[in-house]
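Inspection log for the structure reproduced underneath, given as structure tokens.
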Amino acid sequence: MLNMKDIMETITMIQEEHLDIRTITMGISLLDCCDSDIDRSCEKIYQKIYHHTKDLVKTGEDIEKKYGIPIVNKRIAVTPIAILLAASGGDPVKYAKTLDKVAKEVGVNFIGGYSALVHKGFAAGDKELIRSIPQALAETDFVCSSVNVGSTKAGINMDAVKLMGEVVKETAQLTSERQCIGAAKLVVFCNAPEDNPFMAGAFHGVGEPDCVINVGVSGPGVVRSALAKMPKDAPLSEVADLIKKTAFKITRMGQLVGSEASEKLGVPFGIIDLSLAPTPAIGDSVAYILEEIGLEQCGTHGTTAALAMLNDAVKKGGVMASSSVGGLSGAFIPVSEDAGMIEAAKAGTLSIEKLEAMTAVCSVGLDMIVLPGDTPAETIAAIIADEAAIGMVNSKTTAVRVIPAIGYEEGQILDFGGLLGSGPIMKVNKKSSAVMINRGGKIPAPMQSLKN
């Protein structure tokens with residue numbers, strides 16, 4: 001029987017606390033679209049994606065109406081395009097434009113998978129695709145790109161790190177007239193998961209089924225609201241317990257939506273990514289959760305400990321609520337997309353160095369951070385290297401999505417609008433890392449890799 005209290009609680013979560021399903025993402029394998037002729041390959045890609053996703057947006061909207069649950073984004077993730085480029089050769093931007101065309105046709109918000117996996121080295125197609133990323137993101141609207149440069153088992157490909165520093169900078173330059181938006185659709189990973197439904201890092205891994213539905217849930221506002229009702233002297237063990245219980249409720253909603261979408265579309269249900277993903281809306285903030293735990297402002301001393309507890313409690317609560325948890329699953333800290341993070345960065349309480357420390361215990365990494373436009377490519381590469389090292393040594397996913405704000409200086413604001421929000425341009429250490437980055441080569445895998 002339905003419990004009226006539970007129903008009313010859910011309605012409150014949706015209407016007042018910003019609870020939503022952040023995305024339903026359909027993952028599609030393009031391995032059977034490989035062809036020695038790039039034009040034939042593009043045609044196969046268009047036909048396959050269109051066939052599987054033509055009803056994706058309508059299905060999401062139908063589920064929204066049926067249950068009253070907001071589903072903010074409907075997305076597509078595909079096999080890393082570098083794999084198809086290895087077979088076809090030719091201009092990789094043709095693939096990007098094909099993905100963009102079909103995304104517009106079916107009405108999704110983003111399509112991810114303009115990607116390469118180079119953590120152990122470059123294979124055929126990899127360098128060509130990576131060098132094309134700036135042009136591809138400048139000439140498309142919905143395409144997202146990701147590159148995996150390291151892993152715990154393989155170490156860090158520093159040649160790829162150096163190249164990505166240059167690519168991030170060039171991508172920002174080519175889209176400078178549009179708030180450098182290209183760089184906001186590009187992420188560099190260590191230990192990239194194959195089933196992540198969140199953009200810009202989503203791609204459909206080669207170990208995934210032919211087609212699958214993955215769901216990303218979100219409810220920072222719900223967690224914060226629950227904590228606000230606790231006594232300020234409640235012990236942290238009780239705080240963690242309440243977060244677990246709240247994460248369970250949030251994830252059950254994601255399980256319902258994922259199962260329903262899977263049935264309606266005739267596609268297997270993959271995973272729920274139970275990450276707390278914030279938005280610029282006031283109240284829908286991971287930073288505000290940390291402040292509700294007892295910090296005057298996010299970024300002050302104690303922030304990393306509070307975030308570690310939050311991340312762990314979210315995982316413990318969510319994993320009991322779903323038949324299959326995957327992706328990233330934890331707490332995101334994208335600066336420009338989180339109202340509390342924006343405030344803390346503007347106040348100077350939150351620095352890049354503190355954010356780097358926080359990434360050791362959160363879902364992903366340095367996310368949606370705006371840098372001064374004159375930041376050298378080698379410095380961007382060094383930021384990527386630091387973050388990849390944290391992921392490699394801790395056997396976790398880390399990532400970097402930074403936006404060099406071309407023509408802007410520290411302290412100014414870059415405004416993307418919508419879910420991407422706005423970000424203060426943060427201070428970057430001006431001492432050079434160029435000699436280290438230009439060495440290239442590889443940082444060997446740590447001892448943790450020898451687990452067999």
Side-chain angles (χ1 to χ4, degrees), residues 144-150 156 160-162 164-169 171-172 180 182-193 196 198-201 275-278 285-287 290 298-299 303-304 307-308 311 328 330-338 340-342 344-346 348-373 375-394 396-405 410 414 416 420-430 433 437:
C144 291
S145 180
S146 59
V147 177
N148 193 66
V149 298
I156 303 171
V161 168
K162 179 178 186 293
M164 287 312 299
E166 297 164 359
V167 166
V168 169
K169 185 76 180 273
T171 303
C180 307
K185 297 187 291 177
L186 170 60
V187 59
V188 187
F189 276 115
C190 177
N191 290 321
N196 164 28
F198 285 101
M199 297 297 171
S275 296
L276 295 179
S285 161
V286 169
L290 303 179
C298 177
T303 298
T304 306
L307 181 59
N311 211 48
L328 296 160
F332 287 172
I333 51 171
V335 175
S336 79
E337 298 175 18
D338 185 307
M341 297 282 176
I342 294 168
K346 285 180 178 177
T349 313
L350 190 63
S351 66
I352 290 179
E353 288 77 15
K354 185 59 178 177
L355 282 161
E356 183 183 308
M358 292 163 67
T359 63
V361 299
C362 78
S363 266
V364 58
L366 294 171
D367 196 13
M368 289 303 290
I369 295 171
V370 188
L371 309 179
T375 304
E378 292 90 351
T379 298
I380 296 170
I383 292 170
I384 292 169
D386 282 342
E387 208 41 44
I390 290 173
M392 175 184 70
V393 170
N394 290 289
K396 72 181 290 293
T397 301
T398 51
V400 172
R401 183 166 50 149
V402 294
I403 301 96
E410 180 189 327
L414 195 65
F416 305 103
L420 295 178
S422 63
I425 296 166
M426 301 186 73
K427 182 179 179 180
V428 174
N429 193 320
K430 295 193 179 296
S433 313
I437 295 302

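We number each residue from 1, following the sequence as shown. Worth knowing before you read on, the calculation uses all heavy atoms, side chains too, and leaves out hydrogens, waters and symmetry mates.
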Inset, instruction - May I ask you to decide if Val361's main-chain N or O and Lys396's side chain share a donor-acceptor pair within less than 3.5 Å? - result: no
Inset, instruction - Nearest 0.5 Å please: distance from the CE atom of Met368 over to the CE atom of Met341. - result: 13.5 Å
Legend entry - Separation between OG1 of Thr171 and CD1 of Ile403, rounded to the nearest 0.5 Å: 11.0 Å
Legend entry - Closest non-hydrogen atom pair, Glu337 against Leu420: OE2-CD2, 3.4 Å
Inset, instruction - Mark yes or no for whether Ser336, through its side chain, and Ser422, through its backbone, hold a donor-acceptor pair below 3.5 Å. - result: no
Legend entry - Nearest heavy-atom neighbours spanning Ala331 and Leu307: CB-CD1, 4.1 Å
Inset, instruction - Let me know which of Val147, Val149, Asn196 forms a side chain to side chain contact (heavy atoms under 4.5 Å, CB included) with Phe189. - result: Asn196
Legend entry - Min side-chain heavy-atom separation Lys346-Pro424 under 4.5 Å: yes
Inset, instruction - Would you kindly say whether Thr397 and Asn191 are connected by a side-chain donor-acceptor distance under 3.5 Å? - result: no
Inset, instruction - Hey, could you give me the OG/CG distance between Ser275 and Asn311, rounded to the nearest 0.5 Å? - result: 8.0 Å
Legend entry - Separation between CD1 of Ile437 and OG1 of Thr379, rounded to the nearest 0.5 Å: 8.5 Å
Legend entry - Atom pair NZ/SG of Lys185 and Cys180 - distance to nearest 0.5 Å: 12.5 Å
Inset, instruction - Would you please say whether a donor-acceptor pair under 3.5 Å links the side chains of Lys169 and Thr375? - result: no
Legend entry - Shortest non-hydrogen contact from Met392 toward Cys190: N-SG, 3.6 Å
Inset, instruction - With the side chain counted from C-beta on, respond yes when Val335 and Asp367 share a heavy-atom pair under 4.5 Å apart, and no when they do not. - result: no
Inset, instruction - Please round to the nearest 0.5 Å and tell me the distance separating atom CG of Leu355 and atom CD1 of Ile369. - result: 4.5 Å
Legend entry - Heavy atoms from other residues, nucleotides or ligands near NZ of Lys427 exceed 12 (cutoff 6.0 Å): no
Legend entry - Sub-4.5 Å side-chain heavy-atom contact between Lys354 and Thr304: yes
Inset, instruction - Give a yes or no on whether the backbone of Glu387 and the side-chain of Thr398 come within a donor-acceptor separation of less than 3.5 Å. - result: yes
Legend entry - Taking every non-hydrogen atom, the tightest pair across Cys298 and Ala344: O-CB, 3.2 Å
Legend entry - Closest non-hydrogen atom pair between Ile352 and Val428, with its separation: CD1-CG2, 3.8 Å
Inset, instruction - Answer yes or no: is there a side-chain heavy-atom contact under 4.5 Å between Glu356 and Ile390? - result: yes
Legend entry - Exam field: side chain Asp338 to backbone Val286, donor-acceptor pair closer than 3.5 Å: yes
Inset, instruction - List the atom of Asn148, the atom of Ala192, and the distance in Å for their closest heavy-atom pair. - result: OD1-N, 2.9 Å
Inset, instruction - Among Leu186, Leu371, Ile383, Val187, find the one that has a side chain to side chain contact (heavy atoms under 4.5 Å, CB included) with Val168. - result: Leu186
